[in-house]
Structures are given as C-alpha cells and as structure tokens.
There are 2 protein chains.
Amino acid sequence: MRLSTKGRYAVTAMLDLALQDGDGPVTLAEISETQGISLSYLEQLFACLRGKKLVRGVRGPGGGYYLGRPSKEISIADIICAVDEWVEFTRCGGKKDCKDGKRCLTHNLWDDLSNEIFNFLGSITLAQLIDRGGLKEEGCIAEDQTPKGDLISSSRTQAA
Amino acid sequence: MRLSTKGRYAVTAMLDLALQDGDGPVTLAEISETQGISLSYLEQLFACLRGKKLVRGVRGPGGGYYLGRPSKEISIADIICAVDEWVEFTRCGGKKDCKDGKRCLTHNLWDDLSNEIFNFLGSITLAQLIDRGGLKEEGCIAEDQTPKGDLISSSRTQAA
DNA sequence: TTTATAACCTAGTGGTTAACTAGGTATTGG
DNA sequence: CCAATACCTAGTTAACCACTAGGTTATAAA
C-alpha cells in the first residue's frame, strides 16, 4: 500500500466530485480551481480513475466528469489503488526462496498489517465521509485533537 | 500521512527487534542480513528511530539496539512517523485564507480521513502483531484472501 | 593497552517518481 | 462552424528513495 500526496489529490478530487453528485458533470477546470491542482495533472489522475471506471467523462461543451458509480460504492482504497498502484512488499512473496522462519515471520506480519490497512481504507466510502455532514465548524480552522465520533463503521468487511 | 517502502523497512526492522526482545542487543548487521536491507541505510533509519526514543543503541563489541520502550507501547504510527515525516496535507491548514466553504469542506473531510488512518495505525502495537503468534503457516506462501481474525482491537483509542 | 566491534555521523550518487508544463487531437453542444 | 471540454503524449524539474563511501567515536574483549 502506498499513501502519498498523489493519492490525496485523487481522494480530494473524488470527494469534490461526490459532493456535487447529481448536479450535472463537473469540469476538471473547476476542480483545478477549487482544489489548487494543475489541470493537466488532474487529467492524468483522472485518466487512471477512468481506467478503473471510478469516473465517467463527458466530452464537449457542458461536459465534465461524473462518478462512475454511486458514492457509497467507492472506497478510499479504490481511489488510492487507481492512481498509486499497489507496490509488492514482500521480497520472497511466496515464490522465492525464504530460508529461515524468522524472516518469513516478519514478512507475514507486515503482510498482515498491510492487508489490514487496505481493508480499513476499503471500508471507508465517499458516501460515508460525506454523510457525516458538517464535521467541524464552518470556518477553516482545522483542529486536530478533537475527539471524533464513529467516522468509520467498525465492521471492516468490505474488501475491494 | 505517508506510507511508503521506507516506513515498511522501519516497521520490519522494529518487528525484528521486538521478536528478539529480551535476548540482548540486536546488531544492525544482523537485521541487514535477515531483512536484506543495506547496513548504512538501516543506520540512517535507526538514527530517526533513536531520535524519537523508539530504540536505544549500545556501542562497542556485543552492542546493538534495544527497543526504546516495551513493544506494547510502540505503535506502527510511531514508527512510520519517525522515519517518514508527517506531511501537511491541507494547504489552507487553518492559517491561510480559504474563501469558499466548499474547499474547506473537502479539506476537512480529507483531514478527518487522514486522522482516522493515523489513529488506526496508532492503535496497532508491535506487541499486538507479535502476540497474534503463528499467523499463517510455517511456509513462506503468503495467501492474500484468507479471512482473518481480529488482528486489531476495535477500540482505536490509543492515539499517539 | 591495544584491538576489534559496534554504534554513530556526513556527504555524495544513481534511479525513480511526483507534480507540473506544453502542446497536441477528438468529441460535441450551441 | 466554433468554442468548450475531455482525452492524449512527451517532455522537465525537483524531490526523494535506497544505497555507497568513508569517516569518528565508544567500549568489551584480547
């Protein structure tokens, strides 16, 4: 799993798209303006998202992008995996020689952890994030240590 | 939050250290050998870990590294934050001008998500990973889709 | 006291990638 | 037709990852 600013851009853009769901197509120029991401870079990100059917583009004047499927069926993991392709972590990875058990142990441990993170992100949908509604106040002050409610359902069963 | 192979190296190395907890100091040369990470790169990673008091070095022959504190008090987030420094995501970040509410909304949404991920990783300790014990079989075959038990306690209250 | 072992430190390096720029082509509503 | 928009490809700059090289301390063992 890889989680960088690239993935963050994609998630932010998708969030922007989801917020305007039902209001007709959203142009990349708008997102570029709103989120402060370069238009051409957005195009590249959306090329990845389109490839995974997470968005649907409409050409011509009045065109733009729609979500490829309902926001409750798009997980954060879906988005991140679309743009930040999954890097293989284990070197032995079940196929190479891996002599001593100790090495395998840490590999398996990490592998499990990696899967847990993936499942976690896979359990968070765009709809969930938005349905939380007016999280934090109107202003732009982002408090960090505020105790939060249940943003995430504790089920974590919806692996992608 | 950033989650790359660099952080993975650190977690793997710390896991190796935790597995040998109580067996005297572990040399970086051993970890380098076991995990296939270059010695000098390990030294740099451990310089970060030492700075955050996650490990304690002992010089001289017979020296090596100990965990800086009990493995149940070291979270994955601790480790990753030590080597993969936290990147600030929001551009407005509570301090800059952020005119329209929409922009703030997506920023806040992402900020929340980022905190959730952080809290999630902060809830997983080295001890927890190890106490799971013989996860998966002896062999090195890493099955991906095996349903898992509760690797992570669902409380998620131990933010770092 | 010497010596080998290990941590500890600093500077560089090649390769990869992120993020962006530039310049197109294709499609479609007005 | 024309303008707006998606869609495409090839660069470019800077950052960063993973590593190499070559040190300096500190200390247990000889």
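Every chain is numbered from 1 and lettered A, B, ... according to where its sequence line falls, protein lines coming before strand lines. This structure is a prediction, so every number in the text was calculated from the model and none was measured.
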**OP:** List for me each residue that meets salt bridge (Lys or Arg N to Asp or Glu O under 4.0 Å) alongside A/Arg56, sequence neighbours excluded, and say none if there are none.
**Re:** none
**OP:** Would you kindly compare B/Phe46 and A/Leu39 by the position of their nearest DNA chain C nucleotide and give the one closer to the 5′ end?
**Re:**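 Its nearest nucleotide being more 5', the pick is B/Phe46.
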Original post:
Which ones in residues 55-67 of chain A lie close to DNA chain C, meaning a heavy atom under 4.0 Å from one of its atoms?
Top reply: A/Arg59, A/Gly60, A/Pro61
Side chain to side chain contact (heavy atoms under 4.5 Å, CB included) partners of [X], counting only residues at least two apart:
X        : result
B/Ala127 : B/Ser71, B/Lys72, B/Thr125, B/Asp131
A/Arg59  : none
A/Lys53  : none

Can you tell me the distance, in whole Å, between the [atom1] atom of [X] and the [atom2] atom of [N]?
X       : N      : atom1 : atom2 : result
A/Glu30 : D/dA4  : CD    : P     : 14 Å
B/Leu28 : C/dC8  : CG    : P     : 8 Å
B/Glu33 : C/dA6  : CD    : C1'   : 16 Å
B/Lys6  : D/dA15 : NZ    : C1'   : 12 Å
A/Ile37 : C/dT21 : CD1   : C1'   : 16 Å
B/Tyr41 : C/dC8  : OH    : C1'   : 18 Å
B/Leu17 : C/dA7  : CG    : C1'   : 14 Å
B/Ile31 : D/dC19 : CD1   : P     : 14 Å

Original post:
NA contact type, A/Ser40, heavy-atom cut-off 4.0 Å: base, sugar-phosphate, or nothing?
Top reply: base
Original post:
With hydrophobic residues grouped by side-chain heavy-atom distances under 4.5 Å, do A/Val26 and A/Val58 end up in a single group?
Top reply: no
**OP:** Select one nucleotide: of C/dA7, D/dT5, D/dC7, the one nearest the side-chain heavy atoms of A/Glu43.
**Re:** D/dC7
Original post:
Looking at the side chain of B/Asp84, which of D/dT20, D/dC17, C/dC20 is the nearest nucleotide?
Top reply: D/dC17
Listing, residues 37-50 of chain A side-chain donor-acceptor contacts under 3.5 Å, not counting sequence neighbours, or none:
from: A/Ser38; atom 1: OG; to: A/Tyr41; atom 2: N; distance (Å): 3.1
from: A/Gln44; atom 1: NE2; to: A/Ser40; atom 2: O; distance (Å): 3.4

Original post:
Counting just side-chain N and O atoms, does A/Arg50 come under 4.0 Å of either OP1 or OP2 of D/dC8?
Top reply: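 Answer is yes, contact under 4.0 Å.
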Original post:
Under the 3.5 Å rule, do the base of D/dC8 and the side chain of A/Gln44 count as making a donor-acceptor pair?
Top reply: no
**OP:** Give the minimum heavy-atom separation between B/Leu126 and B/Ala18, together with the two atoms involved.
**Re:** CD1-CB, 4.1 Å
